[in-house]
There are 2 protein chains.
Amino acid sequence: MLLYLFMELAAAKLKFIEAWGKLGSEWGINRTMAQVHALLLISPEALTTEEIMETLSISRGNANMTLRDLIGWGLIEKQHKAGERKEYFFADKDVWNIARQVAKERKKRELEPVLKVLNELSTVTGDEKDPAFKTFKKSVADINKLAGNVDKTLETMLKAEESWFWGSVLKVFK
Amino acid sequence: MLLYLFMELAAAKLKFIEAWGKLGSEWGINRTMAQVHALLLISPEALTTEEIMETLSISRGNANMTLRDLIGWGLIEKQHKAGERKEYFFADKDVWNIARQVAKERKKRELEPVLKVLNELSTVTGDEKDPAFKTFKKSVADINKLAGNVDKTLETMLKAEESWFWGSVLKVFK
DNA sequence: ATAAACTTTCAATAATTTTTGAAAGTTTAA
DNA sequence: TTAAACTTTCAAAAATTATTGAAAGTTTAT
């Protein structure tokens with residue numbers, strides 16, 4: 001009976017990889033990319049493309065593209081071992097860095113383009129007596145303001161030290 | 001020439017709906033759902049299923065399911081007009097409420113299940129001398145801590161008043 | 001009860017996103 | 001050079017996700 005109180009490391013790893021992949025896909029990050037990231041996160045040494053393909057049962061092409069994407073996100077790096085031609089990959093293990101990196105990329109790729117459109121839309125002119133115009137203008141202005149605040153907050157977060165960040169925020173949010 | 005300095009309200013509406021839909025799909029929210037939400041956000045009156053189908057060129061089935069989902073997310077409500085059988089739909093226009101509602105739902109649907117798994121994985125036992133075990137345990141513990149902090153922060157945000165929230169946070173993030 | 005007005009369901013279809021894998025490309029060592 | 005070792009590309013296929021639309025279901029008025 002006691003047996004079931006413990007989980008094998010191997011089983012735990014699989015569960016972690018699966019959970020990370022699911023979370024990623026729910027937040028617009030490709031499942032495989034999140035899984036490769038998870039695998040490298042819990043791996044003490046750098047892994048080859050070969051090993052990643054094997055462990056996650058994915059094709060060479062998929063592994064290659066996913067690793068390239070992860071490098072583009074600043075989440076993993078290539079490593080070369082002396083006397084070997086193969087490339088090894090390892091993940092930054094600092095969770096605060098990971099959060100910052102993801103925030104930075106998504107801000108750049110998704111938030112900023114939307115802010116640009118919202119700013120354009122703020123300049124629309126029309127009949128101030130028209131309810132359709134008034135409602136449009138107010139919604140756009142409100143969203144623009146919120147998005148701007150989110151942007152500023154992220155900007156500050158990107159510069160922040162982990163301890164400083166959590167210390168300060170948790171003091172405010174008590 | 002000056003003509004191009006102004007944008008027609010109709011064009012602006014389309015652009016807004018498109019941008020909101022794109023943002024949604026990048027963050028794991030179905031494009032159509034985000035578009036229907038956008039349409040109702042900028043509409044001064046409640047709209048019928050019929051009108052939504054027409055404006056966005058979507059089918060009755062799609063409109064019906066999407067509207068039901070949006071009600072489930074707490075972003076829109078049904079309205080009945082005296083002497084009419086048709087149902088009308090309108091969106092909460094308060095941007096802070098919208099942000100809170102989305103945060104609340106995603107916390108419940110996605111963050112909490114992951115926290116549950118992470119907590120389970122924290123209990124894994126193994127050989128403290130094994131680098132694979134040590135790396136696994138540390139990564140899980142670190143992520144668990146970060147996720148727990150995010151959860152607490154959201155929890156507080158859900159209770160917060162808009163002015164209080166932005167006032168306080170922006171003072172900290174100066 | 002009946003029928004008109006309206007809403008919901010869901011199997012089939014369409015659209016989109018992800019993955020494959022073999023061929024092409026590149027680098028290195030001899 | 002050449003060839004082995006390794007990486008990248010990308011058109012085709014598979015998997016996933018979203019949409020359609022007609023039929024079934026429900027409600028209301030008479």
Side-chain angles (χ1 to χ4, degrees), chain A residues 17-18 20-40 46-73 75-90 106 109-110, chain B residues 17-18 20-40 46-73 75-90 106 109-110:
Chain A
I17 290 168
E18 195 193 345
W20 209 235
K22 187 163 175 246
L23 186 66
S25 68
E26 284 165 343
W27 287 87
I29 284 157
N30 166 324
R31 171 184 252 81
T32 300
M33 182 167 151
Q35 288 184 336
V36 170
H37 184 228
L39 174 61
L40 290 175
L47 303 179
T48 61
T49 301
E50 218 58 57
E51 291 170 313
I52 292 163
M53 285 165 60
E54 174 113 347
T55 310
L56 300 179
S57 305
I58 60 175
S59 71
R60 183 173 302 284
N62 194 6
N64 181 269
M65 286 180 134
T66 297
L67 289 166
R68 208 139 49 62
D69 282 352
L70 281 168
I71 291 172
W73 277 74
L75 296 175
I76 69 171
E77 283 176 48
K78 279 188 189 175
Q79 193 174 67
H80 287 278
K81 296 204 176 177
E84 286 200 56
R85 288 201 41 197
K86 274 200 286 280
E87 295 179 330
Y88 287 77
F89 300 89
F90 71 98
R106 299 206 78 160
R109 296 173 194 213
E110 293 141 20
Chain B
I17 290 168
E18 196 193 344
W20 209 235
K22 187 163 174 247
L23 186 66
S25 69
E26 284 164 344
W27 288 86
I29 284 157
N30 165 326
R31 172 183 252 82
T32 300
M33 183 167 149
Q35 289 185 337
V36 170
H37 184 229
L39 174 61
L40 290 175
L47 303 178
T48 61
T49 303
E50 217 57 57
E51 290 170 314
I52 292 164
M53 286 166 58
E54 173 114 347
T55 309
L56 301 178
S57 306
I58 60 175
S59 72
R60 182 173 303 284
N62 194 7
N64 182 267
M65 285 180 134
T66 298
L67 288 166
R68 211 142 42 65
D69 282 353
L70 281 168
I71 291 172
W73 277 73
L75 296 175
I76 69 171
E77 284 176 49
K78 280 187 188 175
Q79 193 174 67
H80 287 279
K81 298 204 176 176
E84 286 200 57
R85 290 208 30 205
K86 275 201 285 280
E87 294 178 331
Y88 286 77
F89 300 89
F90 72 99
R106 300 206 78 161
R109 296 174 194 212
E110 293 140 22

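Each chain gets a letter, A, B and so on, in the order the sequences are listed, and its residues count up from 1.
Between W20(B) and A34(B) the shortest heavy-atom distance is CD1-O, 3.2 Å. Contact between D69(B) and M33(B) at its shortest, heavy atoms only, is CB-SD, 3.9 Å.
Residue H80(A) contributes atom NE2, which lies 11 Å from atom C1' of dC6(D) at whole-angstrom precision. Atom CE of M53(A) is separated from atom P of dC6(D) by 13 Å (rounded to the nearest Å). Atom pair E84(B):CD and dA4(C):C1' shows a separation of 15 Å (rounding to whole Å applied).
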*Can you give one letter per nucleotide of nucleotides 7-18 of chain D, 5' to 3': B if a protein heavy atom sits under 4.0 Å from the base, S if only from the sugar-phosphate, - if neither?*
SBBB-------S

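Looking at heavy atoms from C-beta onward, L75(A) lies out of side-chain contact with L40(A) at the 4.5 angstrom threshold.
Checked options T48(A), T49(A), L47(A); the residue passing with F89(A) is T49(A) (criterion: side chain to side chain contact (heavy atoms under 4.5 Å, CB included)).
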Would you list the atom pairs, donor with acceptor, under 3.5 Å between side chains in residues 21-29 of chain A and any protein atom, with sequence neighbours excluded?
residue, atom, partner, partner atom, Å
S25(A), OG, K22(A), O, 3.0
S25(A), OG, R31(A), NH1, 3.2
W27(A), NE1, E110(B), OE1, 3.2

Which pairs of donor and acceptor atoms, one on a side chain in residues 76-84 of chain B, lie under 3.5 Å apart (sequence neighbours left out)?
residue, atom, partner, partner atom, Å
K78(B), NZ, E87(B), OE2, 3.1
E84(B), OE1, Y88(B), OH, 3.0
E84(B), OE2, Y88(B), OH, 3.2

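S57(A) comes within contact range of the sugar-phosphate backbone alone, with a heavy-atom separation under 4.0 Å but no base atom that close. Residue-level contact check: T66(A) touches neither bases nor backbone, having no heavy atom under 4.0 Å from any strand.
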